[in-house]
Amino acid sequence: YLAKLKKVMSKSDFKMLDKSQTAWEKSEEKDIDLINEFIFNKPGTVHLPIGASSKNILIKNRLDFLQELYYYYYEEDKD
């Protein structure tokens with residue numbers, strides 16, 4: 001969605017989004033470190049799907065946000 005957003009957003013808006021994306025990526029790295037430390041590193045196999053699901057939720061939430069943002073700009077651009 002970043003490529004799509006770049007096409008519909010103003011340069012200044014996309015610059016803000018790019019900064020937001022960079023900050024999210026850094027935050028995501030820390031969240032994944034936390035998941036790895038407190039979920040994946042526990043003994044037993046039951047924690048593997050829980051950890052994988054947690055990582056998927058992080059990424060899905062960001063994707064949902066970017067998708068919503070795209071449709072907001074896309075619809076606004078149509079007016």
Dump the intermediate steps for side chain to side chain contact (heavy atoms under 4.5 Å, CB included) on K6 and D18, then the final yes or no. CA-CA 9 Å; K6 190 172 187 176; D18 193 44; over 6 Å; no
Closest non-hydrogen atom pair, L5 against L66: CD1-O, 3.9 Å
So OG of S54 and CG of L34: to nearest 0.5 Å the spacing works out to 9.5 Å
Passing option when K60 is tested against N56, L63, D64, I57 for side chain to side chain contact (heavy atoms under 4.5 Å, CB included): D64
Nearest 0.5 Å, what's the CG-CZ distance between D33 and F38? 11.0 Å
Please enumerate all residues that pass side-chain hydrogen bond (donor to acceptor under 3.5 Å, both in side chains) together with S27, with sequence neighbours excluded. none
Do I59 and E28 have side-chain heavy atoms sitting under 4.5 Å apart? yes
Mark yes or no: K4 above the aromatic ring of Y1, with NZ or CZ under 6.0 Å from the six-membered ring centre and no more than 45 degrees from the axis. yes
Please test Q21 against R62 for side chain to side chain contact (heavy atoms under 4.5 Å, CB included), starting from the C-alpha separation and ending with a verdict. CA-CA 9 Å; Q21 183 68 19; R62 183 63 179 187; 3.0 Å; yes
Check: N36 and K55 side chains under 4.5 Å, non-hydrogen atoms: yes
CG/L2 to CE/M9 distance, rounded to the nearest 0.5 angstrom? 9.5 Å
Indicate yes or no: at least one non-hydrogen side-chain atom of L69 is less than 4.5 angstrom from one of Y73. yes
Is atom CD of Q67 surrounded by more than 12 heavy atoms (other residues, nucleotides or ligands) closer than 6.0 Å? yes
Partners of S12 by side-chain hydrogen bond (donor to acceptor under 3.5 Å, both in side chains), sequence neighbours excluded? S10
Whichever hydrophobic residues join F40 through chains of side-chain contacts under 4.5 Å: I32, I35, I39, L48, I50, L58
Are M16 and W24 linked, directly or through other ILVMFWY residues, by side chains that come within less than 4.5 angstrom of each other? no
